[in-house]
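Basis for what follows: all heavy atoms, side chains included, without hydrogens, waters or symmetry-related copies. Per chain, numbering begins at 1; letters A, B, ... match sequence-line order.
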4 protein chains.
Amino acid sequence: IELLEGRDVAALLPARPADSHKGTYGHLLVVAGSQGMSGAAVLVARAALRSGAGLVTLAVPASVQAQAAASLPEALTHGLPETSEGTLGVEAAREVVRLLGPRDALALGPGIGAGRETAALVFELLSREEIVVKPCVLDADALTLLAREPRRLDEAGRALGAALGMVITPHPGEMARLLGCTAGDVQADRPGKVREAATRFGAVAVLKGARTLVADPAGRWAINPTGNAGMATGGMGDVLTGAVGALLAQGLAPWDAARAAVYLHGLAGDLAAAERGAAGLLASEVADHLPAARRRVLEEAGQDG
Amino acid sequence: IELLEGRDVAALLPARPADSHKGTYGHLLVVAGSQGMSGAAVLVARAALRSGAGLVTLAVPASVQAQAAASLPEALTHGLPETSEGTLGVEAAREVVRLLGPRDALALGPGIGAGRETAALVFELLSREEIVVKPCVLDADALTLLAREPRRLDEAGRALGAALGMVITPHPGEMARLLGCTAGDVQADRPGKVREAATRFGAVAVLKGARTLVADPAGRWAINPTGNAGMATGGMGDVLTGAVGALLAQGLAPWDAARAAVYLHGLAGDLAAAERGAAGLLASEVADHLPAARRRVLEEAGQDG
Amino acid sequence: IELLEGRDVAALLPARPADSHKGTYGHLLVVAGSQGMSGAAVLVARAALRSGAGLVTLAVPASVQAQAAASLPEALTHGLPETSEGTLGVEAAREVVRLLGPRDALALGPGIGAGRETAALVFELLSREEIVVKPCVLDADALTLLAREPRRLDEAGRALGAALGMVITPHPGEMARLLGCTAGDVQADRPGKVREAATRFGAVAVLKGARTLVADPAGRWAINPTGNAGMATGGMGDVLTGAVGALLAQGLAPWDAARAAVYLHGLAGDLAAAERGAAGLLASEVADHLPAARRRVLEEAGQDG
Amino acid sequence: IELLEGRDVAALLPARPADSHKGTYGHLLVVAGSQGMSGAAVLVARAALRSGAGLVTLAVPASVQAQAAASLPEALTHGLPETSEGTLGVEAAREVVRLLGPRDALALGPGIGAGRETAALVFELLSREEIVVKPCVLDADALTLLAREPRRLDEAGRALGAALGMVITPHPGEMARLLGCTAGDVQADRPGKVREAATRFGAVAVLKGARTLVADPAGRWAINPTGNAGMATGGMGDVLTGAVGALLAQGLAPWDAARAAVYLHGLAGDLAAAERGAAGLLASEVADHLPAARRRVLEEAGQDG
């Protein structure tokens, strides 16, 4: 077991050489959101830009594209075909595959809802070779949907494990659904469960909660000391997803991206809490503290922030 | 009579233990807004998140959902069936009941307007068992509508009093309508009137204005020293409603939620005024000072903020 | 001639007694905006709230209501009937009259455009008894339109002069059109022209530009020392209109409202420039400095801000 | 070769005399944006206002006008005819020409996409006398489109060179397309390539990237020392386009506008990075630091900022 520390995280972070351009820092595709949960998509994209991604494309159901675009002018947006409920269905698969082609990584799941048609999309995407060859982070509703057929995640994980890798970021309830146990079981043995998930799904697994854990299929695992209870509020998980996705897009291995993102996300929350107070934080302001968190760990490691 | 003080308020506030998650802090359902008053709904939800709620769902007439979603990415939104005027009618009742089911508390009223169809909705909701068993805060137009048939509030209050409790937050004009007297009568005997309302409606009653009063049906009452005249502007009442709702969702008893919210709301206004000046405050910036207000009272009580 | 000074302005400002409520500070109706100029309406309303108005209702063409509402949750909004070009036509008159009824003052003009149908609306409004009995501020396109038939302004002004009063806030080009001369003529004799306008139209006239002048029909006039060239950018006039309107709604006489608003508006610009630099200011950030400007003048006068 | 320095840039900046008005600082027309890239348009306009432009009109495809208007109340907006994909087609040409008539400069390109119909518009505009007589800055997609027929840019450049001048702001990939070589070729000889482009197209050419270069058709060239790798992210180029456009609108010669904008843009990025950290900057916050950058160079030159 590894206790994450700032100086180790500093060593993982992508260098920011003067002679670079936005292409150097990757292009993340975010597939997220639905009617009523469009904000989740915006938070993922905001956090990804705050984590140094070169470009972010936010693909959402067509009816929420305008809201997303108005909320974050720095992101590119794309309206995907949607169901009558304003959610993503399987007919969006082809376009997601096409969008991902020239992009570097995928973040899938926040705010997509748990409908049957969206489930079909997630299953379809994870069966596609073009998806599986890209690093990706799966969160929230994507995990809930996959928990209905964990075999799919299993297969995708193995394929991804053989390719570039996948990160999953469940909270205890989602982890319980994935492993077919109760949330109480998960909390009673967090280290065991996160390692079980990593091994079983061939993915880097992040088990959120106080003292977030990260494990990889090879048996390594780590514990994160940053973060605070002010982050126990809506949207904070979306911010973590964006941070992981941005680091994947910048070329970090999943194990490194997950550990660095988890540490920085918690530290950003600690910096925000120090400024504003330890309850009542908004997820978007934690996202906005990610650059300061990165600077802090670099400074602690004796580097320029 | 009790004079609210910071250290007493500190003792009421929900602890924020490290080992907690967003479910620990409750899920508030906000039913608010209409064409032309959509901002009220956004202010309630913003204040609720700023008061530490784990999750907030903002249910508004369908035609203003997009505006609400764009304004606050951290909230979930839901578009309710609406009248041709963009207000809520009785046909929204079923969906409100369904939404409230798995949620912890209800905030009802800001910006819903005073139309007949909306009145029918409010009456219908307060007659439903599924509503009455949840803690709720009623404000603004909901009170104006109920004042047309105070017997309904009466019945609901009694039912709620027997269940988990209700908070009403009228300003003097709304209080006058509820009690069938004039605003002058209310102001001439603020302590008497707030206690009368609490007893009659079986609710914790908050009488807003300089030196806001809080009373409960058992005869207890309290006076609040915080707040300033810069808060005499549109939307400040919505912020209070959100603060009360968030504390109810976090499990505080109505009497405690109302007293703590009233104190913190006024203190947040005082902190905002110290920063920016004592006139021209915006309600959203007072909401954004709620975490600092919470920190202040905890620090005064010798606790970490 | 009077040189405006902070301590004099402090004496004009409405007191903010502890025992007050939002009704104490008036309700301003803003009639403004059109397709392509919706931001002007938002700036007027924002500045009015930043100037201490109790409530602001923003009445705009129906197709821009959603944008306005999303931009400023503290304002009430109202969608008025519009032309096919998204501008206000004469058929909006009845609703404007109805809206103004229970409100305290009117701000009319910014961003309404210079179309014929909008001209008809302005003429119609200024011929209505119900409009003329309320204090109002006319700016921007409203003045351009009236310049086509200055007799109308003339009549309205006389009626208003006999009633509660009108403020007009032209820049030199608008003043030239109103007086039937050239902008060069105006600039060559700014004191003469502002006094001529005040006398002729029976209104308090504000002639904008470096060293803004204010004159009233009785022959008094004043010169303003605040402001800077960083304010020579789009939307700053809308902020002034909002400030005048808010002070009228709070019960100041037009002569006092105009002088105080002009001084505070310039000082807010000076404070913003000191913070951020003397070019590249946004009008909305000048609006957001209005409370600090008010505090500054009160402090200079030895009062609490 | 010239190394750009703060004191030289200070000498180029338009004075901000007290006796000025928004007309003094020019009116920029921005033609930009499309479905999915509406944010680019907003960033250009924001940066233009932050660079001291008197007025900015943002002309975008009609379906994204509302988003643009809601994002920046200080800008005027105009909805142009659009294709079924929400992009600009050749039928927008007439309206662009009409809009540009009374305005001082044009910024064309960010976020317009690379479709055939948009290409036709760009070609049409650059063949129009009314366009060519105005100073303009071409960026991003406009350059990609012109690269398909560089002869057009060639002709336009010659015409503009004979008139008031054009600035083009390619990144290395766009430059490669314009010159018919590879990005590797461009990076291997940045000074040679930027001078080749300037000569060939009769335009002031800006070659973006670390150490941005500026060249003019007369053979002068300059190198910029400001900026940092935190600016390697989406939207930063749009901010530069807005800054160039604003300075053209204020009457600077293209050679001066380009050099000053490049220097200030990089310095704004450096100031933002000093405040927040060197990765994770948002383009809009760099735009918001442009006034501070201007103040810094004026102060270094011993002038008031």
Side-chain angles (χ1 to χ4, degrees), chain A residues 33-47 63-72 85-86 110-111 113 171-173 183 187 190 208-211 225 227-239 272-287, chain B residues 13-28 45-59 62 65-79 99 243 246 250 264 268 271 287-299 303-305:
Chain A
S34 59
Q35 279 283 358
M37 294 189 285
S38 53
V42 172
L43 290 170
V44 175
R46 185 173 196 94
S63 63
V64 301
Q65 185 186 1
Q67 298 159 40
S71 299
L72 193 64
E85 280 83 37
H171 58 57
Q187 293 299 75
R190 288 172 55 88
K208 295 187 286 199
R211 304 272 175 255
N228 62 81
M231 300 173 74
T233 182
M236 292 293 173
D238 307 327
V239 171
E275 207 173 291
R276 196 177 272 281
L281 299 176
L282 296 183
S284 50
E285 75 195 344
V286 170
Chain B
L13 293 178
R16 203 92 191 172
D19 188 12
S20 61
H21 55 89
K22 65 189 170 191
T24 312
Y25 303 105
H27 191 159
L28 177 67
R46 185 174 196 92
L49 286 167
R50 287 305 197 183
S51 299
L55 283 170
V56 175
T57 294
L58 186 44
Q65 185 187 1
Q67 298 159 41
S71 299
L72 193 63
E74 289 84 359
L76 305 169
T77 61
H78 192 89
L99 287 169
Q250 288 171 73
L264 292 172
L271 295 173
D288 287 346
H289 280 80
L290 284 165
R294 178 182 175 279
R295 170 149 67 177
R296 174 73 63 96
V297 301
L298 289 176
E299 285 172 355
Q303 303 175 39
D304 278 348

Name the region of [X], side chain, backbone, both or neither, that has any atom closer than 4.5 Å to a heavy atom of chain B.
X	result
A:Ala40	backbone
A:Glu275	backbone
A:Ala183	neither
A:Ser284	both
A:Leu43	side chain
A:Ala70	neither

Measuring from [X]:[atom1] to [Y]:[atom2], what's the distance to the nearest 0.5 Å?
X	Y	atom1	atom2	answer
B:His21	A:Met236	NE2	CE	15.5 Å
A:Arg276	B:Arg294	CZ	CZ	14.0 Å
A:Ser38	B:Gln65	OG	CD	7.5 Å
A:Met231	B:Ser20	CE	OG	11.5 Å
B:Asp288	A:Glu285	CG	CD	7.5 Å

Go through the atoms of [X] and report whether side chain, backbone, both or neither lie under 4.5 Å from a heavy atom of chain A.
X	value
B:Pro17	backbone
B:Leu290	neither
B:Glu74	both
B:Ala48	neither

Are any non-hydrogen side-chain atoms of B:Leu49 and A:Thr233 less than 4.5 angstrom apart? yes
Show the numbers, then the answer: is there a side-chain contact (heavy atoms from CB on, under 4.5 Å) between A:Arg211 and B:Asp19? CA-CA 8 Å; A:Arg211 304 272 175 255; B:Asp19 188 12; over 6 Å; no
Leading residue by heavy atom contact count with chain A [cutoff under 4.5 Å; candidates B:His78, B:Lys22, B:Arg46]: B:Lys22
Mind running side-chain contact (heavy atoms from CB on, under 4.5 Å) on A:Leu282 and B:Arg50 for me, showing each step along the way? CA-CA 7 Å; A:Leu282 296 183; B:Arg50 287 305 197 183; 3.5 Å; yes
Among A:Gly234, A:Ala210, A:Gly39, A:Ala229, which residue forms the greatest number of heavy-atom pairs with chain B at distances under 4.5 Å? A:Ala229
